[in-house]
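Order of the sequence lines fixes the chain letters, A, B, ..., with proteins taken first and strands second; residue numbering starts at 1 for each chain. All of these numbers come straight from a predicted model, not from anything done at the bench.
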2 protein chains.
Amino acid sequence: MPTQLPVLQPQTVRKGPVVERPLKVGELAKLCGKTVRALHLYEEMGLLVPTQRSKGRYRMYDADAVMRVRWIAKLQDMGFSLQDIRTMSQQWEQSGSAPDAMAKVQALFEQKLAETQAQMQRLRMLSAELQASLEYLRTCPTCDPNRLIEACSACEEHQAFEDPPDLVAGFSAH
Amino acid sequence: MPTQLPVLQPQTVRKGPVVERPLKVGELAKLCGKTVRALHLYEEMGLLVPTQRSKGRYRMYDADAVMRVRWIAKLQDMGFSLQDIRTMSQQWEQSGSAPDAMAKVQALFEQKLAETQAQMQRLRMLSAELQASLEYLRTCPTCDPNRLIEACSACEEHQAFEDPPDLVAGFSAH
DNA sequence: ACCAACCCTTACGTGCACGTGAGGGTTAGG
DNA sequence: CCTAACCCTCACGTGCACGTAAGGGTTGGT
């Protein structure tokens with residue numbers, strides 16, 4: 001713990017957050033749920049630049065960086081690769097006008113939205129398939145325990161099903 | 001917590017051409033949309049065993065194998081790793097009774113179902129976020145083209161928004 | 001017999017997003 | 001001043017699901 005109590009800084013800003021102390025890379029990492037190595041990687045890729053370096057070459061970040069890293073994480077979560085994000089970021093910086101930049105990002109987001117919706121559709125089908133397979137499997141504990149596995153895949157408990165669902169059938173196919 | 005979205009491809013296990021003549025690995029590969037290398041890999045992992053070898057050590061498969069490989073592909077599409085599939089397959093083979101095997105697979109499928117639903121929930125939120133960001137970006141082409149990017153993030157066209165959405169805000173955070 | 005098109009094993013390469021040291025320097029509290 | 005807990009820069013390692021190539025052997029049709 002600090003031996004000196006924090007000195008209250010005279011506030012020049014009426015509203016808003018206190019001017020944060022610059023962050024070391026480990027602190028930034030913790031605030032963003034990333035590792036130091038990851039932040040270094042982002043920097044190598046030009047995605048994250050420390051606002052300055054300390055006397056001893058320590059990377060120092062300001063509060064903005066927290067937003068930046070969380071933004072990177074969010075895009076990763078969306079399925080963008082770091083390369084994708086790098087391209088996006090560069091396009092943004094290189095575009096001559098705001099509408100130009102907006103249009104490019106817009107296109108990417110629209111494509112991602114389409115992908116996302118398609119993915120949701122597939123997940124719905126997957127979900128249905130899993131439920132069908134579970135339904136099928138749920139009848140199995142009622143099978144005669146002495147019956148062998150090979151027999152079970154066609155046992156009389158399953159007559160309601162034409163065939164075992166694909167996900168179940170694959171087990172018996174050697 | 002898998003953050004990457006597995007790209008699902010609709011696959012059918014038991015549909016498509018089925019040939020009764022023993023298959024060479026290349027033929028099996030074409031029938032399943034996999035490469036020969038992939039099938040070799042599955043064999044190395046104990047997931048796929050040729051029913052026999054030809055005189056010259058060629059792998060020979062029967063029609064069952066088509067189902068098996070498509071089943072593997074389907075589970076992969078569901079987000080299971082080859083290791084996962086291997087474990088499942090082994091549990092199935094090692095379990096003494098059919099109900100036992102069923103119960104184990106049931107547990108895995110139930111877990112996967114839960115993951116799938118969670119994923120769908122995430123995708124819904126993602127979709128909403130993308131739409132919000134697109135909504136925000138759509139107002140940008142109306143900005144004065146001579147205005148700089150930095151200015152745009154707070155231009156008067158966006159007064160309807162309290163703040164730019166996270167996905168947009170990240171661009172300006174260096 | 002001959003040839004193209006297969007197939008075999010072995011083994012190193014790839015892309016991604018970091019992990020994991022090694023060998024050292026820096027900072028802050030006591 | 002001393003020490004722990006940071007931080008620095010290389011630079012090689014990891015897990016996954018294969019890709020790719022080398023150096024051969026096999027098959028099936030003409």
Side-chain angles (χ1 to χ4, degrees), chain A residues 1-7 21-61 65 69 71-87 89, chain B residues 1-9 11 19 21-61 65 69-70 72-87 89:
Chain A
M1 297 304 283
T3 47
Q4 282 189 334
L5 289 177
V7 176
R21 166 180 57 90
L23 297 162
K24 285 189 287 182
V25 67
E27 297 167 326
L28 177 60
K30 263 174 199 162
L31 285 174
C32 302
K34 289 282 175 180
T35 65
V36 172
R37 179 67 180 99
L39 300 188
H40 286 172
L41 176 65
Y42 301 160
E43 185 174 344
E44 284 170 29
M45 299 189 65
L47 277 176
L48 178 68
V49 185
T51 43
Q52 55 170 347
R53 293 280 187 134
S54 80
K55 205 176 169 184
R57 304 181 39 77
Y58 280 24
R59 292 166 177 85
M60 305 304 287
Y61 304 89
V69 176
W71 172 74
I72 293 172
K74 192 156 214 161
L75 288 173
Q76 278 187 293
D77 238 33
M78 292 171 59
F80 288 105
S81 71
L82 290 181
Q83 279 299 338
D84 291 338
I85 301 174
R86 198 174 77 96
T87 303
S89 199
Chain B
M1 178 178 85
T3 45
Q4 292 273 359
L5 313 182
V7 176
L8 297 184
Q9 292 181 351
Q11 294 257 354
V19 190
R21 168 179 56 91
L23 297 162
K24 286 188 287 183
V25 66
E27 296 167 327
L28 177 59
K30 264 175 200 163
L31 286 174
C32 302
K34 289 282 176 181
T35 65
V36 171
R37 178 68 181 99
L39 300 187
H40 285 174
L41 176 66
Y42 301 160
E43 185 174 344
E44 283 170 31
M45 299 189 65
L47 276 176
L48 178 68
V49 186
T51 43
Q52 56 171 349
R53 292 281 187 133
S54 80
K55 206 176 171 184
R57 302 182 40 75
Y58 279 26
R59 291 165 178 85
M60 305 305 285
Y61 304 89
V69 176
R70 287 185 181 157
I72 293 173
K74 190 154 214 159
L75 288 172
Q76 278 187 291
D77 282 345
M78 291 170 59
F80 288 105
S81 71
L82 290 180
Q83 280 299 339
D84 290 338
I85 301 174
R86 198 174 79 95
T87 304
S89 199

| Stepwise side chain to side chain contact (heavy atoms under 4.5 Å, CB included) check, R59(A) with R53(A) | CA-CA 5 Å; R59(A) 292 166 177 85; R53(A) 293 280 187 134; 3.7 Å; yes
| field | Spacing between R59(B) atom CZ and dC6(C) atom C1', to the nearest angstrom | value | 13 Å
Close N or O pairs between protein and nucleotides 25-27 of chain C (under 3.5 Å):
unit_1, atom_1, unit_2, atom_2, d
dG25(C), N2, Y58(A), OH, 2.4
dT26(C), O4', Y58(A), OH, 3.4
dT26(C), O2, Y58(A), OH, 3.1
dT27(C), OP1, S54(A), OG, 3.3
dT27(C), OP1, G56(A), N, 2.9

| Flag, side chain of T87(B) to backbone of Q83(B), donor-acceptor distance under 3.5 Å | yes
| Within the structure, does a side-chain N or O atom of R53(B) lie under 4.0 Å from either OP1 or OP2 of dT9(C)? | yes
| message | How long is the straight-line distance from CG of D77(A) back to CD1 of I72(A), given to the nearest 0.5 Å? | response | 13.0 Å
| Start at the 5' end of DNA chain C and walk down; is the nucleotide closest to K30(B) or to K34(A) reached first? | K30(B)
| field | Pair V69(B)-Y61(B), side chain to side chain contact (heavy atoms under 4.5 Å, CB included): steps then yes or no | value | CA-CA 11 Å; V69(B) 176; Y61(B) 304 89; over 6 Å; no
| query | Less than 4.0 Å between a side-chain N and a carboxylate O, is that true for R86(B) and E44(B)? | reply | no
| message | Does W71(A) form a side chain to side chain contact (heavy atoms under 4.5 Å, CB included) with I85(A)? I'd like the steps, not just the answer. | response | CA-CA 10 Å; W71(A) 172 74; I85(A) 301 174; 4.1 Å; yes
| request: Starting at atom OH of Y61(B), determine the distance to atom C1' of dC6(C), rounded to an integer number of angstrom. | output: 14 Å
| query | Taking it one step at a time, do H40(B) and V36(B) satisfy side chain to side chain contact (heavy atoms under 4.5 Å, CB included)? | reply | CA-CA 6 Å; H40(B) 285 174; V36(B) 171; 3.5 Å; yes
| remark: Separation of dC18(C) atom P from E44(A) atom CD, nearest Å, is 12 Å
| message | Students should find this one: the first and last nucleotides of DNA chain D, 5' to 3', lying under 4.0 Å from a heavy atom of chain B. What are they? | response | dA17(D) to dT27(D)
| For S54(A) against M60(A), the heavy-atom pair lying closest together | N-CG, 3.8 Å
